[in-house]
Amino acid sequence: YRLQIKSTICANYTNTIQVKVLPSITGNIISASQKLCKGTPSSPIGSNVPSGGNGFYSYQWQKWNGVSFVNTSSADTFKDFTPGILANTTIYRRVVTSGPCSSISNPDTITINTLPIVNVGADSTKCTNQLTYKLFSSPNGGNWSGTGIIFPDSFNPSAMAIGAYPLIYTYTDANGCVNRDTVVINIIASPAVTAGVDFNICENATAIQLTGFSPLGGTWSGAGVSPGGLFNPLIAGSGTKKLIYNFTTGSGCGGIDTLSVTVYPRPNGNFTLPTQICPKDSATLITSTNTLATITNYTWNVSNTGSFTNNILSTISSANPLATFPENQTSSDGTYTIKLITTTNDGCKDSLSKNVILRRRPIALFSTGANINCGPAVYTMNNTTSNIVSSYLWNTIPISNINTNTSQNPIITFPVNSSTTKLTYRIYLTATRNDATLGCIDTISNYVIVYPKPSALFAASKDSGCSPLLVNF
């Protein structure tokens with residue numbers, strides 16, 4: 001180009017300049033976007049060699065700051081660019097300059113995926129006697145590695161020597177990002193725990209405090225035993241009982257041991273006995289015992305509150321004795337205490353005492369007055385029964401006429417004896433205690449003899465004649 005300048009007829013030209021039109025820059029294309037896990041170095045952002053412009057190119061890499069693109073660094077002026085390790089997702093582009101020409105590339109997004117949060121819990125201490133357990137891990141689906149791991153996720157302390165064992169849990173998420181966590185299992189020696197020596201005891205023995213166990217300070221469990229080791233065989237019941245002693249140290253390491261206790265069944269002897277009985281009556285003491293026990297001995301003891309005999313049992317060393325009680329016509333009731341001691345083949349003993357009241361009974365007594373007469377004879381009985389309020393029942397053999405056979409002093413009429421020999425009437429009085437207790441009785445008898453009446457008879461030798469008449473009778 002040149003410029004012509006005119007002034008009327010005059011004209012002049014400037015110097016000539018040349019305008020060169022360069023082709024636009026093309027081919028400013030950078031590589032595809034990347035997806036990375038946090039902490040992973042990004043790959044270099046590759047790019048084509050551009051064309052166009054004046055053939056000489058300068059470069060400037062830029063990134064998006066949330067508002068606009070800004071230069072990454074004054075040093076980032078190479079064709080390719082390596083972002084390094086990124087903390088967050090970042091968008092990059094390249095600006096190419098060639099002479100007066102410039103070009104902006106396509107954007108390249110490097111996506112940074114966060115690592116999965118992996119947690120296996122705190123370090124722990126385990127004992128050499130602990131059994132296999134499942135390791136804690138979150139999230140599920142990862143892989144464990146380390147000494148002592150039992151596939152896929154268990155650990156057996158009892159198979160390990162004393163020491164520290166780091167165990168690594170590795171987890172890969174859906175984005176392919178990997179993270180891991182480590183837990184250290186410290187294996188320490190377990191305490192030597194002993195529950196003591198097995199023993200035998202009777203079911204009805206007094207509760208005992210267990211001894212011989214160590215270390216002290218543990219806890220007991222099982223049938224009939226308190227946490228502190230007080231064993232009650234009656235609560236435990238008969239049979240073989242397994243008692244467990246559990247001890248835990250301050251570090252959480254513990255151990256258990258067991259103790260076998262054989263509880264022999266108690267005899268549990270029992271017998272039947274009435275609560276009250278009349279004098280001279282008998283009662284069979286029916287015995288019963290624990291069906292789980294074998295009874296080898298019965299022992300009976302007898303005592304009373306009065307001066308009665310204690311020798312009332314048919315046997316004092318076997319089951320089911322017959323008890324025959326003595327007379328009691330004293331002024332008060334007596335009380336017998338009968339005690340049964342039973343012994344098993346294991347040497348276990350049991351005792352049971354029961355009381356029975358020996359009731360006093362009336363002292364029946366009466367008189368008839370004269371006991372010889374001729375019929376018809378009328379007698380009023382004189383009843384002098386004593387010792388206790390009583391009711392009465394009268395009867396005679398042979399039967400005679402008693403006006404009221406339950407009165408205290410009845411009137412008895414004995415008929416004429418029409419035979420030729422005397423007739424003896426036996427009179428019976430039964431006195432029954434009637435004070436709302438057991439109706440103990442006493443019976444007494446007396447007699448009356450009724451003679452036959454004489455039969456008057458005579459005859460005359462003559463029943464008529466002339467006077468003087470001699471008559472012989």
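All values reported here derive from a predicted model rather than from experimental measurement. Note that the numbering runs from 1 along the sequence shown for the chain.
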With side chain to side chain donor-acceptor pair (under 3.5 Å) as the test, would you mind laying out the steps for Asn297 and Thr299 before giving the verdict? CA-CA 7 Å; Asn297 184 262; Thr299 301; 2.8 Å; yes
Check step by step if side chain to side chain contact (heavy atoms under 4.5 Å, CB included) holds for Thr40 and Lys38. CA-CA 6 Å; Thr40 302; Lys38 190 172 184 178; over 6 Å; no
Would you give me the side-chain donor-acceptor pairs under 3.5 Å for residues 318-327, sequence neighbours excluded?
| unit_1 | atom_1 | unit_2 | atom_2 | d |
| --- | --- | --- | --- | --- |
| Ser318 | OG | Thr315 | OG1 | 3.2 |
| Asn320 | OD1 | Thr287 | N | 2.8 |
| Asn320 | OD1 | Thr287 | OG1 | 3.2 |
| Thr324 | OG1 | Ser282 | OG | 3.0 |
| Glu327 | OE1 | Arg361 | NE | 2.8 |
| Glu327 | OE2 | Arg361 | NE | 3.2 |
| Glu327 | OE2 | Arg361 | NH2 | 2.3 |

Assess the residue pair Asn387 and Gln329 against the criterion (side chain to side chain donor-acceptor pair (under 3.5 Å)); give the C-alpha distance rounded to whole Å, side-chain angles, the decisive distance to 0.1 Å, and a yes or no. CA-CA 7 Å; Asn387 201 39; Gln329 288 185 320; over 6 Å; no
Might you work through the side chain to side chain contact (heavy atoms under 4.5 Å, CB included) test for Tyr171 and Val178, ending with a clear yes or no? CA-CA 6 Å; Tyr171 177 79; Val178 178; over 6 Å; no
Does Tyr133 have Lys126 sitting over its ring (NZ/CZ under 6.0 Å from centre, angle to axis within 45°)? yes
Determine, step by step, whether Ile208 and Phe199 satisfy the side chain to side chain contact (heavy atoms under 4.5 Å, CB included) criterion, reporting the C-alpha distance in whole Å, the side-chain angles of both residues, the deciding distance to 0.1 Å, and the verdict. CA-CA 12 Å; Ile208 62 170; Phe199 65 92; 3.7 Å; yes
Is the NZ or CZ atom of Arg93 positioned over Phe69's six-membered ring, under 6.0 angstrom from the centre and within 45° of the axis? yes
Face-on cation placement of Arg2 at Tyr13 ring, 6.0 Å and 45° thresholds: yes
Side-chain donor-acceptor pair under 3.5 Å between Arg359 and Asn328, yes or no? no
Side chains of Thr194 and Phe213: closer than 4.5 Å at any heavy-atom pair? no
Any luck finding a side-chain donor-acceptor pair between Arg266 and Ser238 under 3.5 Å? no
Tyr57: partners by side-chain hydrogen bond (donor to acceptor under 3.5 Å, both in side chains), with sequence neighbours left out: none
Apply side chain to side chain contact (heavy atoms under 4.5 Å, CB included) to Thr343 and Ile295, showing your working. CA-CA 6 Å; Thr343 306; Ile295 309 301; over 6 Å; no
Checking Asp333 against Arg433 for the salt bridge (Lys or Arg N to Asp or Glu O under 4.0 Å) test, could you report, in this order, the C-alpha distance in whole Å, the side-chain angles of both residues, the deciding distance, and whether it holds? CA-CA 12 Å; Asp333 296 331; Arg433 178 174 177 169; 2.8 Å; yes
